[in-house]
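Have a look at the structure below, then the notes.
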Amino acid sequence: MSDCLFCKIARGEIPCDKVYEDNDILAFRDIHPQTACHVLIIPKDHFPGLKELESASDALLAGLLRKAAAVAKSAGIDGSGYRLVSNCGRDACQSVQHLHFHLLGGQQLSDRMS
Ligand code: AMP
(Lines give C-alpha, C1' and ligand atoms only; values in the text may rest on other atoms or scores of the structure.)
Protein backbone atom coordinates (compact mmCIF):
# COMPACT_ATOMS: atom_id res chain seq x y z
CA MET A 1 0.00 0.00 0.00
CA SER A 2 1.48 3.30 -1.08
CA ASP A 3 0.81 5.29 2.11
CA CYS A 4 1.46 2.53 4.68
CA LEU A 5 4.48 3.20 6.92
CA PHE A 6 5.57 -0.43 7.15
CA CYS A 7 5.10 -0.97 3.40
CA LYS A 8 7.45 1.97 2.88
CA ILE A 9 9.96 0.43 5.28
CA ALA A 10 9.61 -2.94 3.51
CA ARG A 11 10.30 -1.23 0.15
CA GLY A 12 13.34 0.54 1.58
CA GLU A 13 11.79 3.98 1.16
CA ILE A 14 12.05 4.67 4.90
CA PRO A 15 15.17 3.47 6.75
CA CYS A 16 15.02 0.93 9.53
CA ASP A 17 17.43 -0.85 11.86
CA LYS A 18 17.15 -4.18 10.07
CA VAL A 19 17.88 -7.45 11.83
CA TYR A 20 16.60 -9.89 9.17
CA GLU A 21 15.23 -9.82 5.63
CA ASP A 22 14.18 -12.34 3.02
CA ASN A 23 11.79 -12.18 0.06
CA ASP A 24 8.68 -12.23 2.23
CA ILE A 25 9.62 -11.10 5.75
CA LEU A 26 11.43 -8.16 7.34
CA ALA A 27 12.48 -7.78 10.97
CA PHE A 28 13.71 -4.46 12.36
CA ARG A 29 14.16 -2.77 15.71
CA ASP A 30 11.24 -0.77 17.06
CA ILE A 31 11.96 2.96 16.91
CA HIS A 32 10.57 3.38 20.45
CA PRO A 33 11.75 0.20 22.18
CA GLN A 34 9.68 -0.84 25.19
CA THR A 35 12.11 -3.54 26.30
CA ALA A 36 15.86 -4.06 26.05
CA CYS A 37 15.22 -6.12 22.92
CA HIS A 38 12.20 -4.96 20.88
CA VAL A 39 12.04 -6.16 17.29
CA LEU A 40 9.12 -5.96 14.85
CA ILE A 41 8.56 -8.87 12.46
CA ILE A 42 6.41 -8.02 9.45
CA PRO A 43 5.33 -9.58 6.17
CA LYS A 44 6.45 -7.47 3.21
CA ASP A 45 2.98 -7.83 1.68
CA HIS A 46 0.31 -5.63 3.18
CA PHE A 47 -2.21 -7.15 5.56
CA PRO A 48 -3.83 -4.62 7.92
CA GLY A 49 -3.75 -6.96 10.89
CA LEU A 50 -4.77 -10.28 12.41
CA LYS A 51 -8.38 -9.76 11.33
CA GLU A 52 -7.49 -9.58 7.65
CA LEU A 53 -5.52 -12.70 6.88
CA GLU A 54 -7.89 -14.42 4.43
CA SER A 55 -5.42 -14.00 1.56
CA ALA A 56 -2.28 -14.70 3.60
CA SER A 57 -0.78 -18.12 3.00
CA ASP A 58 -0.31 -20.56 5.84
CA ALA A 59 3.35 -20.74 4.81
CA LEU A 60 3.77 -17.00 5.32
CA LEU A 61 2.05 -17.05 8.71
CA ALA A 62 4.13 -19.98 9.88
CA GLY A 63 7.22 -18.28 8.50
CA LEU A 64 6.55 -15.16 10.57
CA LEU A 65 6.37 -17.22 13.77
CA ARG A 66 9.43 -19.27 12.89
CA LYS A 67 11.39 -16.17 11.99
CA ALA A 68 10.42 -14.47 15.26
CA ALA A 69 11.84 -17.47 17.12
CA ALA A 70 14.99 -17.34 14.96
CA VAL A 71 15.45 -13.62 15.61
CA ALA A 72 15.07 -14.25 19.35
CA LYS A 73 17.75 -16.90 19.12
CA SER A 74 20.14 -14.68 17.16
CA ALA A 75 19.50 -11.85 19.64
CA GLY A 76 20.53 -14.20 22.44
CA ILE A 77 17.23 -14.00 24.32
CA ASP A 78 15.82 -17.45 23.58
CA GLY A 79 17.33 -18.89 26.76
CA SER A 80 16.01 -16.21 29.10
CA GLY A 81 12.65 -15.96 27.35
CA TYR A 82 10.59 -13.46 25.41
CA ARG A 83 7.08 -12.45 24.45
CA LEU A 84 5.55 -12.29 20.96
CA VAL A 85 2.60 -9.90 20.63
CA SER A 86 0.41 -8.66 17.81
CA ASN A 87 -1.93 -5.83 18.72
CA CYS A 88 -5.22 -6.01 16.85
CA GLY A 89 -7.60 -3.07 16.66
CA ARG A 90 -8.53 -0.14 18.87
CA ASP A 91 -8.78 -1.83 22.26
CA ALA A 92 -5.32 -3.34 21.75
CA CYS A 93 -3.90 0.09 20.74
CA GLN A 94 -2.77 -1.04 17.28
CA SER A 95 -1.19 2.10 15.81
CA VAL A 96 0.23 0.82 12.52
CA GLN A 97 -2.30 -0.90 10.28
CA HIS A 98 0.14 -3.41 8.78
CA LEU A 99 0.41 -6.85 10.40
CA HIS A 100 3.37 -7.02 12.75
CA PHE A 101 4.58 -9.03 15.69
CA HIS A 102 6.44 -7.40 18.57
CA LEU A 103 9.30 -9.54 19.86
CA LEU A 104 9.90 -8.32 23.41
CA GLY A 105 12.64 -9.51 25.73
CA GLY A 106 16.13 -9.03 27.03
CA GLN A 107 14.83 -8.29 30.51
CA GLN A 108 12.27 -9.56 33.04
CA LEU A 109 8.80 -8.84 31.64
CA SER A 110 5.66 -8.15 33.64
CA ASP A 111 3.45 -11.09 34.55
CA ARG A 112 0.50 -8.98 33.42
CA MET A 113 -0.31 -8.77 29.73
CA SER A 114 -2.97 -6.07 29.89
P1 AMP B 1 1.43 -1.13 17.32
O2 AMP B 1 1.11 0.00 18.26
O3 AMP B 1 1.21 -2.48 17.91
O4 AMP B 1 0.69 -0.94 16.01
O5 AMP B 1 2.98 -1.07 17.04
C6 AMP B 1 3.55 -0.21 16.13
C7 AMP B 1 4.99 -0.06 16.51
O8 AMP B 1 5.68 0.52 15.43
C9 AMP B 1 5.24 0.85 17.73
O10 AMP B 1 5.87 0.09 18.75
C11 AMP B 1 6.13 1.95 17.18
O12 AMP B 1 7.11 2.37 18.10
C13 AMP B 1 6.73 1.29 15.96
N14 AMP B 1 7.19 2.20 14.92
C15 AMP B 1 6.52 3.26 14.42
N16 AMP B 1 7.25 3.84 13.44
C17 AMP B 1 8.40 3.12 13.33
C18 AMP B 1 9.55 3.21 12.51
N19 AMP B 1 9.68 4.18 11.57
N20 AMP B 1 10.54 2.30 12.67
C21 AMP B 1 10.43 1.34 13.61
N22 AMP B 1 9.36 1.20 14.41
C23 AMP B 1 8.35 2.07 14.28
Side-chain angles (χ1 to χ4, degrees):
M1 244 172 71
S2 57
D3 60 345
C4 167
L5 172 63
F6 284 1
C7 284
K8 288 180 180 173
I9 290 175
R11 289 195 297 264
E13 296 169 10
I14 291 177
C16 69
D17 187 356
K18 189 188 307 180
V19 299
Y20 174 81
E21 180 173 23
D22 64 25
N23 285 339
D24 304 313
I25 294 172
L26 179 66
F28 54 97
R29 296 192 190 283
D30 197 291
I31 202 165
H32 298 302
Q34 296 190 30
T35 50
C37 177
H38 187 173
V39 175
L40 301 173
I41 297 97
I42 71 166
K44 288 186 172 178
D45 286 344
H46 184 83
F47 304 95
L50 286 174
K51 288 181 297 180
E52 295 93 1
L53 296 179
E54 296 82 4
S55 62
S57 72
D58 290 352
L60 174 64
L61 297 175
L64 288 163
L65 297 181
R66 288 204 178 95
K67 195 45 62 183
V71 168
K73 187 170 186 180
S74 63
I77 61 169
D78 58 325
S80 50
Y82 54 87
R83 187 167 285 157
L84 192 64
V85 173
S86 186
N87 294 321
C88 181
R90 185 189 59 227
D91 279 1
C93 303
Q94 181 181 1
S95 62
V96 177
Q97 309 306 310
H98 180 124
L99 178 67
H100 54 282
F101 291 92
H102 297 258
L103 173 66
L104 301 155
Q107 65 184 68
Q108 179 64 57
L109 303 178
S110 167
D111 62 355
R112 294 186 57 83
M113 286 192 284
S114 60

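Order of appearance sets the numbers: ligands from 1, and atoms from 1 within every ligand. Computed from a predicted model, the values in this text were never measured in an experiment.
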Original post:
Does the side chain of Ser114 pick up a donor-acceptor pair with the side chain of Arg112 at under 3.5 Å?
Top reply: yes
**OP:** Mind checking whether Ile9 contacts ligand 1 via backbone (N, CA, C, O), side chain (CB onward), both or neither, at a 4.0 Å heavy-atom cut-off?
**Re:** side chain
Subject >> Ring centre gap for Phe28 and Phe6 strictly below 6.0 Å >> reply: yes
Subject >> Aromatic plane relationship, His46 with His98 - under 30° parallel, 30 to 60° tilted, over 60° perpendicular >> reply: perpendicular
Subject >> Numbered atoms and elements of ligand 1 in range of Cys93, under 4.0 angstrom, heavy atoms >> reply: 2 (O)
Original post:
Considering distance alone, does some N or O of His102 sit under 3.5 Å from an N or O of ligand 1?
Top reply: yes
Original post:
Where's the contact between Leu5 and ligand 1, heavy-atom distance under 4.0 Å: side chain, backbone, both or neither?
Top reply: side chain
Subject >> Polar proximity ligand 1 side, Ile31 side, N/O cut 3.5 Å exclusive >> reply: yes
**OP:** Examine the proximity of ligand 1 to Phe101 and report which part, side chain or backbone, both or neither, has a heavy atom under 4.0 Å away.
**Re:** neither
**OP:** Would you mind telling me if ligand 1 is within reach of the side chain of Asn87, the backbone, both or neither, using heavy atoms under 4.0 Å?
**Re:** side chain
Original post:
Would you call Lys73-Asp78 a salt bridge at under 4.0 Å N-O?
Top reply: no
Original post:
Do any nitrogen or oxygen atoms of His100 lie less than 3.5 angstrom from nitrogen or oxygen atoms of ligand 1?
Top reply: yes
Subject >> Contact check: Ser95 vs ligand 1, nitrogen or oxygen atoms, below 3.5 angstrom >> reply: yes
**OP:** Would you mind listing which atoms of ligand 1 come within a distance below 4.0 Å of any non-hydrogen atom of Phe6?
**Re:** 8 (O)
Original post:
Can you list the atoms of ligand 1 that are under 4.0 Å from a heavy atom of Gln94?
Top reply: 4 (O)
